[in-house]
2 protein chains.
Amino acid sequence: MDTLRYYERIGLIEPPVRDSGGRRSYSEEDLGWVGFLSCLRMTGMPIRLMCEYARLRHFGTSSATSRKEILLEQRTAVRERIAELQMCLSTLDYKIDNYEMVERRVAELTPLAQEATA
Amino acid sequence: MDTLRYYERIGLIEPPVRDSGGRRSYSEEDLGWVGFLSCLRMTGMPIRLMCEYARLRHFGTSSATSRKEILLEQRTAVRERIAELQMCLSTLDYKIDNYEMVERRVAELTPLAQEATA
DNA sequence: GCTTGACCTGGAGCGCGCTCCAACTTCTAC
DNA sequence: GTAGAAGTTGGAGCGCGCTCCAGGTCAAGC
């Protein structure tokens, strides 16, 4: 909510129509756009670039190529990010395995320790 | 570099030994740890949690389980993040396809437009 | 009529993760 | 020996993306 107003302020979304009481009333189209925006945000696209994309929208099909360009770059970035995360994932797997080995070793020693303190 | 000093200040890495001139000289072990830290950062783990993890390291094997716990949670988070990114990826694919269709449609119309202005 | 609660406004504040600064020392090359 | 690069320090500053605040307006329920 605060975020929507923030997006509106920075020109990321068009001011929606208001109801009789002056409240914002988002159309289906607005909501679709907001949904796409949050998708872009999730991919880590900086707000600034999203603003650029939003600005281009006003020019209709004549800006289609520029907008596609932005999305293509973002897609590449996302793919790289996924690859990066998968690398990290295998590092995590390795570390976790290590800890499990440590735990098993400790489990082997514990009964002895218990005897010693018995 | 500034980042390493920052990490040192907040206790994420141990102060490394210094050379004769007072400069930091990171051991292989230091570097390994730093490497793992940047892996964790890449996964989006907040610094605060990394500090907690670093703190636990001091207790040796007795903290193995807690540390494993942290890594397990992070692994889950990373997997979810990857899934999320893949969702976004297909949205991007869809949008990009759309733009390509728009371009093709424009390409079909352009020759006519050229004739019109000729 | 009156409370309550959700929304409105402009603007300030915040948490994160660095990143830069000025002033200083130290090593390196010429 | 001297200039310049590359480190050192504590501390301030910054960009991002919200998020909260005080004070006001409006609509609905009792």
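Note on naming: letters A, B, ... go to the chains in the order of the sequence lines (proteins, then strands), and numbering restarts at 1 for each one.
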Atom CE of A:M45 to atom P of D:dC18: distance rounded to whole Å?
14 Å
B:L37 CG to C:dG17 P, in whole Å, measures 13 Å
Is any NZ, NE, NH1 or NH2 atom of the basic residue among B:R5 and B:E8 found under 4.0 Å from an Asp or Glu carboxylate oxygen of the other?
no
Can you tell me if A:R41 touches the phosphate of D:dC18, counting only side-chain N or O atoms and a distance under 4.0 Å to OP1 or OP2?
yes
Can you tell me the distance, in whole Å, between the CZ atom of A:R5 and the C1' atom of D:dT19?
10 Å
Any side-chain N or O of B:R18 below 4.0 angstrom from OP1/OP2 of D:dT9?
yes
Start at the 5' end of DNA chain D and walk down; is the nucleotide closest to B:G22 or to A:P46 reached first?
B:G22
Give the rounded distance in Å between these two atoms: OH of A:Y6 and P of C:dA12.
16 Å
Residue whose closest nucleotide on DNA chain D lies nearer the 5' end, A:S20 versus A:I47
A:I47
With respect to the phosphate group of D:dG17, does any side-chain polar atom (N or O) of A:R9 fall under 4.0 Å of OP1 or OP2?
no
Looking at D:dG17, I'd like to know if its phosphate oxygens (OP1 or OP2) sit under 4.0 Å from a side-chain N or O belonging to A:Y7.
no
salt_bridge(A:R81, A:E84) N-O dist < 4.0 Å:
yes
Do A:D2 and D:dC18 share a donor-acceptor pair, side chain to base, under 3.5 Å?
no
Is it the case that atom CZ in A:R48 sees more than 12 heavy atoms from other parts of the structure closer than 6.0 Å?
no
Run the salt-bridge test on B:E52 and B:R55 with the 4.0 Å N-O cut-off and return the result as yes or no.
yes
Can you tell me the distance, in whole Å, between the CG atom of A:L49 and the C1' atom of D:dC16?
14 Å
Provide, to the nearest angstrom, the distance between the CG atom belonging to B:L4 and the P atom belonging to C:dG17.
16 Å
Does a side-chain N or O from A:R23 land closer than 4.0 Å to OP1 or OP2 of C:dA6, or not?
no
I need the CG-C1' distance between A:D19 and D:dA27, as an integer number of Å.
10 Å
Could you check whether B:R67 and A:Y99, counting side-chain N and O atoms only, form a donor-acceptor pair closer than 3.5 Å?
yes
To the nearest Å, give me how far apart CD (B:E8) and P (D:dG11) are.
15 Å
